[in-house]
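Structure first, then comments.
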Amino acid sequence: MSDISQLSLVSPTISLLNKSSQKPIKIGIMASGSGTNFEAVAQAISDGKLNAEIMVLIYNNPQAQVRLRAEKWQIPTVLINHREYPQREELDRKIVITLQEYGVEWVVMAGWMRIVTQVLLDNFRDRVINIHPSLLPSFKGINAIEQALKAKVKIAGCTVHLVSLEVDSGQIIMQSAVPVLPNDTLETLHARIQTQEHLILPQAISLAINNS
Ligand code: GAR
């Protein structure tokens, strides 16, 4: 039986990779959860597929598994707990200071579940990247996969985009599509989408850097 998950996949075909003759781009990763996308970026760098260096992981949940992944890769981690910053701008100010301390040039939100403000965007103009589990502009905001299932779409996917003030609305860098199968649950569809996220996030980072 052919693997239907391959049939409607829009495979990113660009062989990108910012040239290894250039200095590695210093990136900071912001994440809130399990960190499989963090891992994909770290692995792509280690495999020589992305000419970058992760300077720091910023995470906002003390329990976030992503911290353990960063420690495994010996990447510095900084907990910035949003609960200690009642104003979004205050949180972002702390984030900016931390990113600057680590010499970060580009910011990657890899499962960062907070809305960011102009404070972050002003300090990293057109240099903040986000990954979102839908084919934007469909299903913005939280629970994107639930929204897709509820809408009974036949194709779902993920998008890597530049971050702008309006949530999930910045310039699209790369997308990948997967089929929604009849018996899909939140978990099975998320797993299928994540496989694609792990492929396109490192590629989209490279593409964005090359095009900047
Ligand atoms: C990813 O699926 C990402 O698309 C999503 O969070 C997950 C993080 O997974 N991001 C958003 O929903 C942002 N609105 P990970 O922690 O395993 O990388």
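Atoms within each ligand, like the ligands themselves, are counted from 1 in listed order. On a predicted model such as this, the values are computed, not experimentally measured, just so you know.
- Using a 4.0 Å cut-off between charged nitrogen and carboxylate oxygen, R93 and E89 do not count as a salt-bridge pair.
- Looking only at atom types and distance, the side chain of E39 has a donor-acceptor partner in the side chain of W73 under 3.5 Å away.
- Residues N61 and S32 have side chains that never bring a donor and an acceptor to within less than 3.5 angstrom of each other.
- In this structure, S206 contributes its side chain and P202 its backbone to no donor-acceptor pair below 3.5 Å.
- If you run side chain to side chain contact (heavy atoms under 4.5 Å, CB included) between D92 and each of D122, I97, T117, I80, only T117 comes through.
- Listed as neighbours of ligand 1 are G33, S34, G35, T36, N37, G111, M113, I131, H132, P133, H190, Q194, E197, each bearing a heavy atom under 4.0 Å from the ligand.
- Taking each heavy atom of V104 and V56 in turn, the nearest pair found is CG2-CG1, 4.0 Å.
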